[in-house]
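Heads up, the thing below is written out as structure tokens.
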Amino acid sequence: MYDKNNVFAKILRGEIPCKEVYSDDNVLAFYDVAPRARVHVLVIPRGEYTDIFDFTQNAPAELQAAFWNGVRKTVEKLGLRDNFRTVANTGRGAGQSVMHFHIHIMSDERFTEDF
Ligand code: DGP
């Protein structure tokens with residue numbers, strides 16, 4: 001069940017400020033408030049989806065395509081084309097703390113650990 005008062009919904013409504021990286025009609029990308037990498041940006045769809053499966057099962061195909069296009073544009077805007085990771089924490093067990101679907105884009109000078 002999507003909670004309209006989650007923090008990313010408030011960011012989308014402009015009730016909480018964010019440091020924007022990329023924005024269009026379908027997507028918003030902004031810096032994570034608690035970065036865990038040299039570059040740490042979140043990309044969210046402009047729609048009410050709690051997690052990756054809610055998004056992939058219930059969002060219109062056009063929005064899904066636009067979302068991944070927005071991820072690519074964000075990465076290119078950040079200049080990270082050949083050095084970034086994406087993470088989608090899913091569920092409380094994996095540490096998902098905001099129940100609005102989001103992708104973490106993270107980059108360091110050089111990743112030293114594989115996972
Ligand atoms: P996750 O743990 O996967 O749900 O990631 C949620 C991320 O959102 C976490 O890294 C911290 C970030 N975050 C939480 N509140 C805010 C906020 O108000 N502004 C910004 N920019 N990021 C936030």
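Every number for a ligand or one of its atoms is a count from 1 in the order of the listing.
Between Phe30 and Tyr22, the gap from one ring centroid to the other reaches at least 6.0 Å. In summary, the aromatic rings of Tyr49 and Phe55 are positioned with their centroids under 6.0 Å apart. Taking the six-membered ring for Trp and the full ring otherwise, Tyr31 and His40 have centroids separated by 6.0 Å or more.
Partners of Arg72 according to the side-chain hydrogen bond (donor to acceptor under 3.5 Å, both in side chains) rule, which considers only residues two or more places apart in sequence or in another chain, are Asn69, Glu76.
Around ligand 1, the residues contributing at least one heavy atom under 4.0 Å from the ligand are Val7, Phe8, Ile11, Phe30, Tyr31, Asp32, Val33, Arg36, Leu42, Asn89, Gly95, Gln96, Ser97, Val98, His102, His104.
Once rounded to the nearest 0.5 Å, the distance linking CD of Glu48 with OH of Tyr2 reads 5.5 Å.
Between the side chain of Asn6 and the backbone N or O of Asp3, at least one donor-acceptor pair lies under 3.5 Å.
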